> 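Handing you this structure, nothing more for now.
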Amino acid sequence: MPKHTAIELFFVATGLAATLIIVSVAAWAYPLARREIEVSGWVIAAIVVALGIAPVRRAWLKDRHHG
């Protein structure tokens, strides 16, 4: 996998992992709000992916054109 694209995908994966960890701990710490915390986690995960699309695309184009 090209270098710049791999780095950007790593950042997106790291953001998703951090979201998972934070949501898991929050749901464990406050079980009465588990459903709301999980829904919020899904929304945050979608936002992380959405914010990562443009940088990944730019990195992919850069790798494709510059080798």
Side-chain angles (χ1 to χ4, degrees):
M1 178 176 294
K3 176 181 160 184
H4 297 96
T5 305
I7 291 169
E8 291 299 333
L9 288 172
F10 172 76
F11 289 146
V12 172
T14 302
L16 290 173
T19 300
L20 175 65
I21 291 167
I22 292 167
V23 167
S24 297
V25 170
W28 170 81
Y30 194 62
L32 294 176
R34 180 178 203 84
R35 177 72 179 141
E36 290 81 3
I37 292 168
E38 288 175 351
V39 169
S40 297
W42 282 108
V43 171
I44 294 165
I47 291 169
V48 167
V49 170
L51 289 174
I53 291 172
V56 169
R57 185 175 181 276
R58 281 192 302 272
W60 180 74
L61 290 172
K62 184 176 183 179
D63 286 335
R64 195 172 121 196
H65 293 317
H66 294 103

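These numbers come from a predicted model, not from an experiment.
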> What closest approach, in Å, do Val12 and Val56 show between heavy atoms, and which atom pair accounts for it?
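Shortest heavy-atom contact: CG2-CG2, 4.3 Å.
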> Hey, could you give me each pair passing side-chain hydrogen bond (donor to acceptor under 3.5 Å, both in side chains) that has a residue in residues 14-25? Not counting sequence neighbours.
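Qualifying pairs: none.
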> Which residues pass the salt bridge (Lys or Arg N to Asp or Glu O under 4.0 Å) test with Arg34, not counting sequence neighbours?
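Listed in chain order: Glu38.
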> Enumerate the residue pairs fulfilling salt bridge (Lys or Arg N to Asp or Glu O under 4.0 Å) with a member in residues 15-28, sequence neighbours excluded, ordered by first and then second residue.
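Those involving residues 15-28 do not exist here.
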> To the nearest 0.5 Å, what is the distance between NZ on Lys62 and CD on Glu8?
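With rounding to 0.5 Å, NZ (Lys62) is 9.5 Å from CD (Glu8).
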> Flag yes if Val49 and Leu9 sit in one hydrophobic cluster, no otherwise; membership is Ile, Leu, Val, Met, Phe, Trp, Tyr, and two members link when side-chain heavy atoms are under 4.5 Å apart.
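Yes.
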> Once side-chain hydrogen bond (donor to acceptor under 3.5 Å, both in side chains) is applied, what residue pairs with a partner in residues 52-61 remain, sequence neighbours excluded?
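Listed by first then second residue: nothing to list.
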> Listed by chain and number, what are the side-chain contact (heavy atoms from CB on, under 4.5 Å) partners of Ala33, not counting sequence neighbours?
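Expected list: Tyr30, Glu36, Ile37.
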> Over all heavy atoms of both residues, which pair between Lys3 and Asp63 is shortest? Give the atoms and the distance, please.
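Distance-wise, the nearest heavy atoms are N-OD2, 3.8 Å.
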> Do you reckon Ile22 sits in the same ILVMFWY cluster as Trp42, going by side-chain contacts under 4.5 Å, direct or chained?
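The answer is no; the residues belong to distinct hydrophobic clusters.
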> Other hydrophobic cluster members with Phe10, side-chain heavy atoms of Ile/Leu/Val/Met/Phe/Trp/Tyr under 4.5 Å, chained?
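Its cluster mates, by chain and number, are Ile7, Phe11.
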